[in-house]
Amino acid sequence: MTTCAKPEDNAATPAGAPGSAFLSVRDLYVHFSTEDGIVKAVDGLSFDLERGRTLGIVGESGSGKSVTGLSVLGLHDPMHTETRGEILLDGQEMTGAGEKTLEKLRGNKVAMIFQDSLTALSPYYTIGRQICEPYRKHTGASRRAAWARAVELLGRVGIPQPKLRAHDYPHQFSGGMRQRAMIAMALVCDPELLIADEPTTALDVTVQAQILDLLSDLQQEFGSAIILITHDLGVVANTADELLVMYAGRAVERGTVSEVLRAPQHPYTWGLLTSMPRLESDVSEALTPIPGAPPSLLATPTGCPFHPRCGYPAEVGGTRCEDERPLIGPGRGSACHLSAGQKRSLFIEQIKPRLG
Amino acid sequence: MATPEGILPSPRDDAAPAAAGEALLSAEGLTKHFPILGGFPFRRKVGAVQAVDGIDLTVRAGESFGLVGESGCGKSTTGRLLTRLLEPTAGRITYRGEDITHANRKQLAPIRSEIQMIFQDPYSSLNPRQTVGTIISGPMEINGLNPPGGRERRVRELLETVGLNPEHYNRFPHEFSGGQRQRIGVARALALEPRLIVADEPVSALDVSIQAQVVNLLQELQRELGIAFLFIAHDLAVVRHFSQRVAVMYLGKVVEVGDRDSIYRRPRHPYTHALLSAVPEAALTDADEEGGGRERIRLAGDVPSPVSPPSGCRFRTRCWKARERCAESEPLLVRVAGNRVGHLTACHFPEDPTTAADAREEAVVLDPALRGVRQPSSPSGV
Amino acid sequence: SSGGGGGGGNGNEPPKGPDKNRADNYSLGTKADSTGPAPEVPGSKKGGTVNVLQRDAFTYLDPAQIYYADQLTVQMLYNRSLTSYKIDEKGQVKLVGDLATDTGKVSDGGKTWTYTLKDNLKFEDGTPITSADVRQAVERLYAPWATDGPLYIPQWLSGEGQEFRKALPDGPYKGKHLPASVLDTPDEKTIVFHFQQPHADTPYAVAMPNIGAVPAKGGKDTGKNYNTRPVSSGPYKIETLKAGKQLTLVRNENWDPDSDPIRHQYPDRFDIRFGVQEPDSGRRLLADRGSDKNAMSFSNAVTIEVGPSVKNDAGTTSRTFNEVQPYVDYMAINMRRIKDKKVREALAYALPNGQILGQLGGPNAGQIAGNLLAPSLAGWKDSDPFGKKAKPNGDPVKARALLKEAGKEGQEIVYAYPNTTEYQKISVVVAQALDKAGFTVQKKEIDSNNYSTEISKVNKKIDIHRASWGADWPVGSTVVPPLFHGRGVADGGQNYWLLKDAGVDAEIDRIKGITDVKTASGEWVELSEEILTEHVPGVPIFYNRQWSIWGSGLGGVKYHSVYGTTDPTGVFVK
Amino acid sequence: MWRRFKRDRAGVVSAYVVIFFFAAALLAPVISWLYGKNPYTTYGIERPGLLNEFFYPAKPNGGIDSEFWFGLEPGLGRDVFTQLFYGMRTSLMIATATTVLCVVTGILIGVTAGYLGGRTDYFLGRFIDLLLAFPSQLSFVAFTPVVYALFVSPEKETPTYLRVITLIIVMWALGWMGLARILRGQVLSLREREFVEAAKVTGASPWRIIRKELLPNLWTPLLVQSTLMLPTFVTVEAGLSFLGVGIIEPTPDWGRMFAAGARHYENDITYMFFPGIAMVIFVVAFNLLGDSVRDAFDPKTKR
Amino acid sequence: MLRFLVRRSLGALVIIFLICAITFFLFFALPSEPALLACGKNCGDPALIEQINRNLGLHEPVPVQFWHYVVGIFAGRDMEVGNCPAPCLGYSFNDSQPVWETILDRYPTTLSLAFGGAAVFLVTGVAIGMIAAARRGTATDKFFSSLSLIGNSLQIYFIGVIAMWLFVDTWGVFDRPEYFPLTENPAKWFGGMLLPWLVLSIIFIANYSRMTRSQMIEQLNEEHVRTARAKGMSGRTVFFRYAWRGAIAPIVTIVGIDLGSLFGGAMITEFTFTLHGLGRLAVNSVTENDLPMLMGVMLFSCTAIVIANIVVDALYAYIDPRVRLS
Ligand SMILES: Nc1ncnc2c1ncn2[C@@H]1O[C@H](COP(=O)(O)OP(=O)(O)OP(=O)(O)O)[C@@H](O)[C@H]1O
Ligand SMILES: Nc1ncnc2c1ncn2[C@@H]1O[C@H](COP(=O)(O)OP(=O)(O)OP(=O)(O)O)[C@@H](O)[C@H]1O
Ligand SMILES: [Mg+2]
Ligand SMILES: [Mg+2]
């Protein structure tokens, strides 16, 4: 219910008994070592998710959304990645868990829909077979039953003639069909936690709607929790319960969907909302992106990582934005030095009109 | 099949102010069938995926031509055909009046730098063994472009333009996030400053802010350099924002084409209606919440397969207005009564732009798979 | 001993033990010597299987085609010829009657030879062996396919070269026979050869395996195909032959020991495996485990890979021998190209025999040769015209002096050798030695498959090359004529030195006419010595040695000094 | 890439070893001069007492002493130490040249066949089949003498450089097909990848696509195969020299030394030891180096 | 696929014919004289040589001989030794055995050696490669890689002899290598071939282990392998099914080539272990100028190589569905 999280620097205060949330991520750090240095892809992220709820994650491209998803499944290569922090799934620690434990959970209790569907599907096996496999493994179903299940799911995600197309190889599918195959694969075991990394970007809106309905169907039926990573605020608005806005590997704002979308508190969120094209907007007007360039994760700006692109450090005053890292409190909140009042008034005065 | 009437509006008829250019790239009766091989151990052709089945379209100089449609309806295939990556099964492609349908590499050489493509799947279109710098400077090298300040500087500029850090110059594709990869693809296409870019979902993986940035960039390019776009996308809002003319495809066919306003405001084809109705919108304001919830049309029935498309009108199996005639004869892509000049629709029973919504309401059949899941909030409607 | 001395280049010890391969060890046996049974081998037992490890598969089992040592050896087990060699433990070799009662009766000034068959001779199927069967054996040599074996007898009967075939173009297969004036079988037991010229060597010539018995009746003689299944007249018969892989011999129950003065029938069978490389057989026999305990080889030698181990293992002395073979290795000089005798002499002095032999295994592999005849030839005399025994590594000083005398310092020598590991190394020492002597050497390696073809071409562009020769029987008549007669100057001939000297030819023809073997033998030896010193057609390098080892489970293994191999006729399994 | 490589310790060590081998081969004459012996003199048979009756070194351990550091060669009694370095010189030169030729041919033919496909592929493929199935080794054995006869007067020694060239050509003709087939197979699937399409759209010529797009993705089989190829050629060359197509005495040759050593192992293990150990070290180091370079070329393996 | 097979089979026939023709003309026109090897010590006699040449059928012009040869393969032919039924490859110059039968007699040995050896080196090589890939960069990786390479740098004739000496002669853990027909006594067949297999594979292992290692490393980094892990596939499945599948293609290529050449006989191994396969036959026929045998062996081995390559190419399409067969 409540999207509660604790301030990153305040590890001592537990926000609710451990295990109360279905998934709870605490102080997650994921660092990659590269030629150029350490990439801090996720830099102190915390969130919780209850069963039957959907958490939307939006944010800058490259802000660590997919990496977070992968961490939950423990899919990073430990040799090249440093993962710190705590990920509790249904009371079970995931970060330190052995491969065997993780194997049993993956695809079964937790499933993930990958972003890049062509490369994420094996070119060597038919779509049907790839969907079958986790089902057989986790349910012990027979080959035939599994195949039937795969065909059923392909049908449900809207692949025409699923019986026939199940025999196809990924390269014979269109982009959207691959993505749907990917979704079918994730759903085949009715997972309790589904991490959907941009599940509908390659889909036309009608199919998208169908897929989103399918996801909520799953949620209703099995009380699954869903993490929906997306850029489409429209999708989030219609599907998610809670929303987490990420920037440079951190959460900058969180709250329920309507809270965040209707009364956003963080300048980055404002930027997102204002840069969104809408069906009704005036086409002659250029879109208004957030000024400046995304931060480098090699050398994240000091203090508030958003400050170089933010229009309001002056309102905060001094060099606080440059020096001090803003914290995000549990529940509804945002990581910004602006005071609550300032946030409200700035939004209502400057931002809301532009959303028209 | 395309009929003489089905040929897209010629520039003379065109009233759209933004795209005043002449035909840059046009296709007539463009068709692509992929053979399906099956059987063991001897694979034979057992059928064909009719991915693109006789479409006509024209992209004019300097315009952005949007292509939307069902996923799997053949948009990417069309893009590939137009860039001559695929050999068409039938049809004709002309670029600036020149027939390039079967041009070989040598003949294509001069225009290669003029037509570029942004690929739908960003990762697989990037060579995993090349650094970003190499990937983006490659096209310049091939075409002998020597921008002032050197190629590397240009690449860094491009990286910055698409919102990537110039310091990423020496990184490999697998080190990027999905959106970043897509931007690399965009940068690569821009490197040559082409006349036409076939952009297959260039912004779908970008967050809205970057998306805005990229769309603005593309728009700027279009405006200032006169680059034309074939803009394939699912995000109708973006298409509307960026494209002057829009074509809607369904199962290998163009079902409706016209200029932006007329397609979005006065759609005539039922499928276009369905599409527009399904766009999810963030309810940003209270007003949105209350009145903004447009009714979503749910398409019933199984999605037909491109292997054996329905007879007649291909949309009929899911259309609430389908009648016998729809199964018998294929509707031509023509200007139906009430359409503006240049707005063509392939439908026997086009929707009335004003009354369509009402008529639709009764005919909406819920997809059995979705029944009872999430009822439309209220059918109060428009 | 007369053949002794030798030794390697470094003054190393030659193999010890009495040298059995000496001319005075050879004699013609009497009728008594020719009657069986063969004297019991001490300690012999019946039964068991003897495993034989051979490198090369036997190309021929058909006695008509057999000419090489390994096949000569195996045929002793299943084939009997008119005469054969009887070898006692001391190494005394006697030529005795085998199928025949004695070594033959001569008449008509040496032109007619009469042989009488013993009683109780039977083929493996029990049919008695008659003179018709011997005639069959001789007459089949006239068939066009019979090209590989020795052709002395048919040529003596019907004409030199291939001329003889005209006398009976299809052999005996179309019902025709040689006229009685040529080959007569007056009765079942008698066979008479009427030669065109006198041939004192006849007792030896009929010891060749093709002058034996081949069933004339019963369609057993299938001509060329007889090769796969010759009918046995000896103590063993062929059980199975897997061409190229394996040959098994089992007892021939129809062989009568009392008729055979040479052979025994101790083991139940011989299991002969082909394709065992010499180092392998050496290692296996040295290791002496399992079935290899009862193993031997007819012709595989102990090579240098295992030589030192065999030598250092005191336990092997009772199961090895190392004997001189009737084969001589020499360096032929192309007399058509090196016309100056002085230069040839210089070559002769320069060549480093000891070093050459060293690359092949040293004194255990051979013995430095002083002349061109093997010590086993009747009447052989030790001689060493080029001082090889004193200076096994050559005498560069003397060679240089001779070369200077001839005014040919820096003379270019084209030296050809087969392209094998050993001969590559030998080429190094040869070139080095010739260099020291003031020659300029051009080494030409020749693909070893074609080596023999190349060196036997008359117009070869070669000055010196290695060659070797072995006598068919221990008389100079099988050495001197083929090697030195001008007739041999032909492509494919063995007159490698291309010596064509009227005097020599005349002398050869003269000695051939001598009807007494003993006299002739002496004359052959003298002629060869004369040729060597007068013409210097080549340089003797060494006499080959056969170093054999067998498993500890075998007894009665001895050396067959005529064939230069291990004699299986008295072998038994302990 | 370079940085990635430097971090691989085994790779760096291997690189040093390989460099050492090549340097030693190049500097063989210098080494020999410093050491005061040469690989041609037959010390053993010139000085009595060094070899025994079998012509094996008389002293224990293959005749190792302060004079002959690695002992003497059985038979001819030459100095093993200098022979080894000169032998490496011959063998490495030949093997390197052959490897380069084979790799270049393999790439050219394999990648061309795979990339162009269709008829080109068919005919190149059949050509490769033909060469693979052709009893080339036998033919070369049979025909090298004929070829030598063409170039060299029958009365003159065949010059070593001619042997070297022939050998290189022979091994080249025997050796490139495997690599070509592997590359062809890889390219067959690579050319269907989207990034190749992406390059085509920019107007890249097939040649450029091969060079810039495909080759970097072929490093793996290329390095693995070629690093294995080079040492293999050293031994193949030894084998061919037995068949009569190779480098013959007295030119020192490493491969031949090793083969000869293997023959005499029972009686003179020392003679096999030095060339053998050198060979093992070289093969292992060279291949590990190949693996490390491969890893360094792979942007996804990080250390 | 059918078209592919037809096209390739036609190509194969052409290749085999070409090779046949080339070899025939090369070897039959070579300055070597087979007659000289069938004349014992009588070679100085030109008439005899002529006789032998007539016996061997070598007196005719080479093209005519070739024609007879080709006809003989399909229709059999009457030869001096007797009738030779199709497929007639003639009779050995050396021991007059029918070539066809001799080869058929040797082929089981060669096939046993090839398949058994291939099984061993494939399994071992791939296993080592996989271990190395799974633990890449570690000491285990280097150790196993080095181990397989040491094997590679030693030679069969050396390891074979040592192995025989140790395992057969000294310890007696293996039977002395010998071929027993598989159909008669599988246990003996296995026991007799085991050591040759092991030794034969030693020099091949390195190639496979290194190829496997590097291909596997590459594949393990692929996104689709990550997906497989995300599906909960066990480490083993991911490794052996998903990654391995992508790594297989070049390995199949080398297997094809190696097997092809092994089908033509493993010369050194056969000599080392005293086995009678095609390799020995080939060598002997060369040293003995036994042209019919040489041609026969060659025909067999080149057919095997060509077929192996067709199989490999056909396999590509199944291994990687993206590859189009044409
Ligand atoms: N293997 C890697 N090595 C180095 N850096 C990496 C690696 N994988 C991801 N990154 C970096 O980590 C950051 C976060 O990546 P992530 O994929 O989580 O982004 P994202 O939020 O999913 O973005 P998008 O919406 O564009 O997919 C990016 O800046 C990316 O460059
Ligand atoms: N190589 C191929 N072989 C067989 N069928 C193919 C191939 N490529 C595409 N198709 C089929 O052609 C049809 C159209 O594919 P295309 O990729 O053009 O769709 P799209 O409109 O781009 O869809 P999306 O929006 O999902 O990307 C699909 O049914 C697809 O399965
Ligand atoms: Mg992502
Ligand atoms: Mg697409």
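A, B, ... follow the sequence lines: proteins, then strands. Residue 1 opens every chain.
Note: B:Leu126 leads B:Ile135, B:Leu126, B:Ile118 in heavy-atom pairs under 4.5 Å with chain D.
Side-chain N or O atoms of B:Gln116 include one that pairs as donor or acceptor with a backbone N or O of D:Val201 at under 3.5 Å. Side chain of B:Arg112 to backbone of D:Lys200: a donor-acceptor contact under 3.5 angstrom is found.
Atom CD of B:Glu98 has 12 or fewer heavy atoms from other residues, nucleotides or ligands within 6.0 Å.
Heavy atoms only, all atoms of each residue included: D:Thr202 and B:Asn143 are closest at O-ND2, 3.0 Å. Listed here is the closest heavy atom pair of B:Ser125 and D:Ala198: O-CB, 3.7 Å.
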Side chain to side chain contact (heavy atoms under 4.5 Å, CB included) between D:Glu197 and B:Arg80: does it pass, once the steps are laid out? CA-CA 9 Å; D:Glu197 290 192 336; B:Arg80 281 198 158 78; 2.8 Å; yes
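With a threshold of 4.5 angstrom between heavy atoms, B:Ile115 approaches chain D through N, CA, C or O but not through any side-chain atom. For chain D, no part of B:Pro110 is nearby; none of its heavy atoms comes within less than 4.5 Å. In this structure, chain D has a heavy atom under 4.5 Å from the side chain of B:Arg188, while its backbone stays farther away. For B:Asn127, the parts lying under 4.5 angstrom from a heavy atom of chain D are both the backbone and the side chain.
Of all residues spanning residues 207-223 of chain D, those with a heavy atom less than 4.5 Å away from chain B's heavy atoms are D:Arg208, D:Lys212, D:Glu213, D:Pro216, D:Asn217, D:Trp219, D:Thr220, arranged by number.
Applying the side chain to side chain contact (heavy atoms under 4.5 Å, CB included) rule to D:Leu130 yields the partners E:Ile15, E:Leu18, E:Ile19; only residues at least two apart in sequence or on another chain are considered.
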